[in-house]
Amino acid sequence: MTDRLVRQDPREQYPRPPFPEQPQPEPGLAARMEPRPDHGETSYRGAGKLAGRRALVTGGDSGIGRAAAIAYAREGADVAISYLPSEGADAREVIALIEAEGRKAVALPGDITDETWCRQMVETTVAELGGLDVLVINAGHQQYREDVGEVSTEDFDRTMKTNLYAMHWIVQAAVPHLPAGAAVITTASVQAYEPSAILLDYATTKAGIVAYTKALAKQLIKKGIRANVVAPGPFWTALQPSGGQPQEKVRNFGEQSEFGRPGQPVEIAPVYVLLASQEGSYITGEVFGVTGGAGVA
Ligand code: NAD
Ligand code: MG
């Protein structure tokens with residue numbers, strides 16, 4: 001593979017559709033994806049931008065969260081990752097990659113739709129890492145439904161609990177531990193601005209994440225803490241083939257973007273690094289789109 005930092009046409013840099021059909025039961029494993037996503041395992045190079053920081057990344061086992069966790073460790077941070085117990089295989093690979101950098105890794109298997117677990121997970125992170133400087137809210141649930149009549153109360157509840165309630169519980173537990181200079185980064189979506197017909201409940205939560213984070217940023221800057229949103233477009237992750245999209249959309253995933261391909265998780269990691277690091281010192285209350293050209297306004 002070409003070095004990702006060498007100048008090249010970004011449209012040709014990573015795999016393009018069509019992709020093989022690859023249904024997986026949710027939450028899906030990165031290890032079962034074809035082609036394997038690039039989370040920076042061999043390609044992300046750090047530069048000490050987060051030396052000595054302590055980070056918690058929810059959904060850090062796979063996809064965008066995994067790319068952020070790897071980048072953070074390469075930049076010198078100790079990293080705790082949360083994930084569902086069924087994702088242990090993916091999580092173990094991330095833990096090994098963090099430890100390979102000589103950094104401390106904390107594994108947090110559990111279900112974030114449970115408030116008690118959300119709070120406990122934050123306390124465990126603080127105890128194990130000796131504090132918390134960077135909080136990445138990234139875990140998310142996405143299940144497409146063709147018609148409004150098919151979105152059951154159970155579906156709606158699950159999406160709200162995973163994407164909104166858990167964010168609130170984790171943020172609420174974390175804020176008392178965050179020192180001045182800390183950063184909170186949430187993960188919304190282009191869906192907050194351009195909702196797909198089949199992602200009614202999911203898109204609603206993503207718009208909510210944008211509003212929540214902007215309000216939070218106004219509170220936290222009074223303590224010297226920044227909060228920002230990342231809004232991804234189509235990224236090649238297990239979220240999509242495990243119920244996030246119909247299989248025919250997975251086959252052509254990213255085709256509609258200006259690049260004609262989906263983003264690879266490593267391509268969004270630098271934004272999570274910037275927003276976490278002191279280089280982002282004047283950035284708060286912003287939404288950073290990495291959408292493949294769609295924009296976020
Ligand atoms: P992913 O499936 O790799 O990551 C999502 C993670 O959420 C899972 O790995 C899982 O650990 C976690 N999760 C889900 N439900 C959970 C629960 N109940 N308890 C604990 N953990 C739970 O997919 P991804 O695409 O990397 O998703 C990361 C974030 O990016 C999500 O918030 C998603 O909405 C957002 N996003 C993704 C895309 C995309 O195209 N992939 C686009 C826009 C936004
Ligand atoms: Mg996963």
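Whatever order the structure lists ligands and atoms in, that order sets their numbers, starting from 1. Side-chain atoms are counted along with the backbone in the values below, which use heavy atoms only and exclude waters and symmetry mates.
The atom of D61 nearest to the Mg ion (ligand 2) is OD2, with the search restricted to N, O or S atoms. The Mg ion (ligand 2) sits nearest to atom OE2 when only the N, O or S atoms of E87 are considered.
Classified by interplanar angle (parallel below 30°, tilted 30° to 60°, perpendicular above 60°), the ring pair F253/W236 is tilted.
The N/O atoms of N138, backbone and side chain alike, include one that comes under 3.5 Å of an N/O atom in ligand 1. Here's the thing with W236: none of its N/O atoms is less than 3.5 angstrom from an N/O atom of ligand 1. Between S62 and ligand 1, at least one pair of N/O atoms sits closer than 3.5 Å. Taking distance alone, with nitrogen or oxygen atoms compared against 3.5 Å, G59 stays at or beyond that limit from ligand 1. Where the criterion is an N or O separation shorter than 3.5 Å, residue side chain and backbone included, F235 meets it with respect to ligand 1. Between I64 and ligand 1, at least one N/O pair is under 3.5 Å apart.
Short contacts between ligand 1 and Y83, defined as distances under 4.0 Å to a heavy atom of the residue, involve ligand atoms 11 (O). Contact atoms of ligand 1 toward T162: 15 (N), 16 (C) (distance under 4.0 Å to a heavy atom of the residue). Each of the atoms 29 (C), 30 (O), 35 (C) of ligand 1 lies under 4.0 Å from some heavy atom of T187. Residue-ligand proximity, D61 to ligand 1, at heavy-atom distances under 4.0 Å covers atoms 8 (C), 9 (O), 10 (C), 11 (O). In summary, the atoms of ligand 1 found under 4.0 Å from a heavy atom of E87, numbered by their order in the structure, are 8 (C), 9 (O), 10 (C), 11 (O). Near G63, with a cut-off below 4.0 Å to any heavy atom, the atoms of ligand 1 are 3 (O), 26 (O). The contact set between ligand 1 and F253, taken as ligand atoms under 4.0 Å from a residue heavy atom, comprises 40 (O). Applying the 4.0 Å criterion to heavy atoms of P232 picks out, from ligand 1, the atoms 42 (C), 43 (C), 44 (C).
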Practice task
Output, in order, the C-alpha distance, side-chain angles, deciding distance and verdict of side-chain hydrogen bond (donor to acceptor under 3.5 Å, both in side chains) for S152 and D155.
Solution key: CA-CA 5 Å; S152 69; D155 287 336; 3.3 Å; yes

Practice task
For side-chain hydrogen bond (donor to acceptor under 3.5 Å, both in side chains), just list the numbers for E75 and Y44, CA-CA rounded to whole Å, side-chain angles, deciding distance to a tenth of an Å, and then say yes or no.
Solution key: CA-CA 10 Å; E75 298 290 355; Y44 188 91; 2.5 Å; yes

Exercise for the section: Determine, stepwise, if the pair R66 / E87 fulfils salt bridge (charged side-chain N to carboxylate O under 4.0 Å, His left out). Expected result: CA-CA 12 Å; R66 177 182 186 142; E87 297 174 302; over 6 Å; no

Exercise for the section: Show your reasoning for whether side-chain hydrogen bond (donor to acceptor under 3.5 Å, both in side chains) applies to S196 and Q191. Expected result: CA-CA 7 Å; S196 300; Q191 290 291 325; 2.8 Å; yes

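Environment of CZ in R145: crowded, with over 12 heavy atoms of neighbouring residues, nucleotides or ligands closer than 6.0 Å. The environment of NZ in K214 is sparse: at most 12 heavy-atom neighbours from other residues, nucleotides or ligands sit within 6.0 Å. Annotation: E194, atom CD; neighbour count of heavy atoms from other residues, nucleotides and ligands within 6.0 Å does not exceed 12. Atom CD of E154 sits in a sparse spot, with 12 or fewer heavy atoms from other residues, nucleotides or ligands closer than 6.0 Å.
The pair R45-D3 meets the salt-bridge criterion, with a side-chain N (NZ, NE, NH1 or NH2) lying under 4.0 Å from an Asp/Glu carboxylate O. Ionic pairing of E101 and R74 is present here: one or more N-O contacts between side-chain nitrogen and carboxylate oxygen are shorter than 4.0 angstrom.
A heavy-atom separation below 4.0 Å is not found between H141 and ligand 1. Ligand 1 lies out of reach of G244, whose nearest heavy atom is not under 4.0 Å from it. Distances from ligand 1 to the non-hydrogen atoms of A30 include no value under 4.0 Å. Judged by the shortest distance from any of its heavy atoms, A231 lies outside the 4.0 Å radius around the atoms of ligand 1. Close to ligand 1: K206, with a non-hydrogen atom less than 4.0 angstrom away. In this structure, G28 falls outside the shell of residues with a heavy atom less than 4.0 angstrom from ligand 1. A heavy-atom separation below 4.0 Å is found between Y202 and ligand 1.
Taking backbone and side-chain atoms together, S62 has an N/O/S atom less than 2.8 Å away from the Mg ion (ligand 2).
Closest to atom 14 (C) of ligand 1, if we only count protein heavy atoms, is G140 O, 3.3 Å. Of all protein heavy atoms, the one closest to atom 21 (N) of ligand 1 is L84 CG, 3.8 Å. Among protein heavy atoms, atom 27 (O) of ligand 1 sits closest to L239 CD2, 4.0 Å. For atom 19 (N) of ligand 1, the closest heavy atom belonging to the protein is I112 N, 2.9 Å.
The only option from R54, R53, R103, K104 that meets the salt bridge (charged side-chain N to carboxylate O under 4.0 Å, His left out) definition with D78 turns out to be R103. For the side-chain hydrogen bond (donor to acceptor under 3.5 Å, both in side chains) test with T213, the passing option among T284, N228, T187, T186 is T186; the others fail.
Put simply, V171 and L220 are part of the same group of oily side chains (I, L, V, M, F, W, Y) that touch within less than 4.5 Å, one to the next. Grouping the Ile, Leu, Val, Met, Phe, Trp and Tyr side chains by contacts below 4.5 angstrom, directly or via other members, places Y202 apart from V230.
Evaluated by nearest non-hydrogen atom to atom 20 (C) of ligand 1, the leading choice among S82, G110, A139 is G110. For atom 18 (N) of ligand 1, the nearest non-hydrogen atom from the set V136, T237, D111 comes from D111. Remark: among candidates P234, S189, G233, P27, the nearest residue to atom 38 (C) of ligand 1 is G233, based on non-hydrogen atoms.
Here the CG atom belonging to L164 is positioned 9.5 Å from the OH atom belonging to Y212, to the nearest 0.5 angstrom. We find the OG1-CG distance between T58 and N138 to be 5.0 Å, quoted to the nearest 0.5 Å. Atoms CZ and CZ, from R261 and F19 in turn, are 9.0 Å apart once rounded to the nearest 0.5 Å. Between atom CD of residue E93 and atom CD of residue E41 there is a gap of 7.5 Å, rounded to the nearest 0.5 Å.
If you look at Q240 next to ligand 1, the close heavy atoms, those under 4.0 Å, all belong to the side chain. Residue contacts with ligand 1 for Q142 are absent, since no atom lies close enough (heavy atoms, distance under 4.0 Å). At a 4.0 Å heavy-atom cut-off, ligand 1 touches A188 through the backbone alone.
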